[in-house]
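Order of listing sets the numbers, starting from 1, for every ligand and every atom in it. Quick caveat, the model's predicted, so the values are computed rather than measured.
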Amino acid sequence: MVCEILTYPNKILRKKSKDVMKFDNKLHTLLDNLYETMMFYSGVGLAGIQIGIDLNVLIINIPNEDNVQEKETLIEAINPVITHKNGEQVFSEGCLSVPDFHEEIVRAQSIIVEYYDRNGKKQTMECEDFLAVAWQHEMEHLRGHLFIEKLSFLKRKKFEKEWKKRLKLKSDKKSTL
Ligand code: CO
């Protein structure tokens with residue numbers, strides 16, 4: 001099922017997610033819904049809280065060299081924890097909860113992350129570059145944070161001004177149609 005994605009400044013996005021206790025059908029349905037929603041909105045990652053579910057669940061599907069998101073490379077992560085961070089990289093990030101906005105963000109170059117798959121089996125992944133960025137971005141959602149919080153004071157101010165304008169435009173549209 002394709003779900004609605006909550007967008008900034010929805011307060012639910014600030015909620016801290018809780019660990020999953022049961023690896024049951026309900027969890028599998030949530031993972032399937034996250035996948036369908038992410039693909040429908042052309043994202044490369046999505047966290048549970050973005051569809052209003054405050055559980056430590058996220059998915060990532062990085063496109064290959066031909067820009068195709070192969071299902072075999074889909075990562076489904078339950079209760080993930082980053083155990084190591086190394087180096088630094090700058091990457092232009094976007095977010096389905098902050099649509100049509102991109103900005104360069106500094107994050108660790110490589111990470112090691114531990115998580116559980118949909119069957120409750122513990123997994124460890126070592127990764128770098130864009131995949132490491134995606135992990136760090138999605139993990140932030142689970143803690144109730146968005147990448148725009150990392151912007152410098154001036155860039156954040158500019159963003160808020162443009163965002164307010166855009167939200168107003170949207171509500172104006174609604175009332176005239
Ligand atoms: Co995001």
Side-chain angles (χ1 to χ4, degrees), residues 1-20 27 30-64 67-71 73-82 85 88-111 113-116 118 125 127-152 155-160 162-164 166-167 170:
M1 186 177 74
V2 174
C3 302
E4 188 197 340
I5 294 182
L6 305 179
T7 55
Y8 181 76
N10 192 315
K11 281 196 175 77
I12 294 171
L13 289 168
R14 280 158 47 185
K15 247 178 131 176
K16 206 171 172 296
S17 292
K18 303 178 293 260
D19 270 350
V20 170
L27 173 69
L30 167 61
L31 287 163
D32 295 340
N33 289 345
L34 278 172
Y35 180 72
E36 282 179 47
T37 306
M38 178 187 73
M39 294 308 278
F40 184 82
Y41 289 102
S42 308
V44 297
L46 196 63
I49 197 66
Q50 291 180 276
I51 58 166
I53 309 290
D54 59 342
L55 288 173
N56 284 325
V57 172
L58 64 86
I59 60 167
I60 297 171
N61 200 2
I62 303 289
N64 65 15
N67 211 21
V68 178
Q69 282 170 289
E70 293 171 294
K71 184 115 195 228
T73 60
L74 170 68
I75 297 164
E76 295 177 327
I78 325 297
N79 306 344
V81 178
I82 293 178
K85 283 187 179 185
E88 225 176 69
Q89 61 175 320
V90 181
F91 202 93
S92 179
E93 292 185 27
C95 178
L96 291 175
S97 292
V98 192
D100 304 316
F101 177 77
H102 292 85
E103 192 54 72
E104 287 188 337
I105 303 291
V106 183
R107 295 196 191 272
Q109 161 66 22
S110 65
I111 59 159
V113 59
E114 293 180 356
Y115 62 98
Y116 294 87
R118 64 158 61 208
M125 180 178 286
C127 60
E128 54 185 9
D129 302 332
F130 184 28
L131 183 52
V133 168
W135 269 108
Q136 292 170 83
H137 177 114
E138 298 310 328
M139 298 278 295
E140 231 168 54
H141 278 298
L142 303 184
R143 294 190 298 267
H145 294 295
L146 294 171
F147 78 115
I148 49 171
E149 293 167 39
K150 288 193 174 308
L151 299 180
S152 68
K155 277 188 177 166
R156 178 67 186 263
K157 240 175 116 178
K158 192 170 164 244
F159 163 79
E160 292 295 342
E162 283 169 11
W163 200 255
K164 251 184 217 144
R166 208 198 288 183
L167 289 179
K170 247 197 214 162

| Spacing of CD belonging to E103 relative to CG belonging to L151, to within rounding of 0.5 Å |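 If we round to the nearest 0.5 Å, E103:CD and L151:CG are 5.5 Å apart.
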| task | Sort and list the pairs that fulfil side chain to side chain donor-acceptor pair (under 3.5 Å) and have at least one residue in residues 36-49, not counting sequence neighbours. | result |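 Residue pairs passing side chain to side chain donor-acceptor pair (under 3.5 Å), neighbours aside: none found.
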| Residue pairs fulfilling side chain to side chain donor-acceptor pair (under 3.5 Å) with at least one residue in residues 9-19, sequence neighbours excluded |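 As it turns out, the side chain to side chain donor-acceptor pair (under 3.5 Å) pairs with a partner in residues 9-19, which skip direct neighbours, are K15-D54, K18-D54, D19-N56.
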| 2.8 Å shell around the Co ion (ligand 1), exclusive bound, protein N/O/S atoms |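 That number is 3, waters not included.
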| request: Please name all residues satisfying ring-ring contact (aromatic ring centres under 6.0 Å, His included) with F101, sequence neighbours left out, ordered by chain then number. | output: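 In terms of ring-ring contact (aromatic ring centres under 6.0 Å, His included), with neighbours along the sequence ignored, F101 is linked to F159.
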| task | Apply side-chain hydrogen bond (donor to acceptor under 3.5 Å, both in side chains) to the pair N64 and E70, showing each step before the final yes or no. | result | CA-CA 7 Å; N64 65 15; E70 293 171 294; 3.3 Å; yes
| said: So, applying side-chain hydrogen bond (donor to acceptor under 3.5 Å, both in side chains) with R107, which one of E88, E140, Q136 is it? | reply: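 Answer after filtering E88, E140, Q136: E140.
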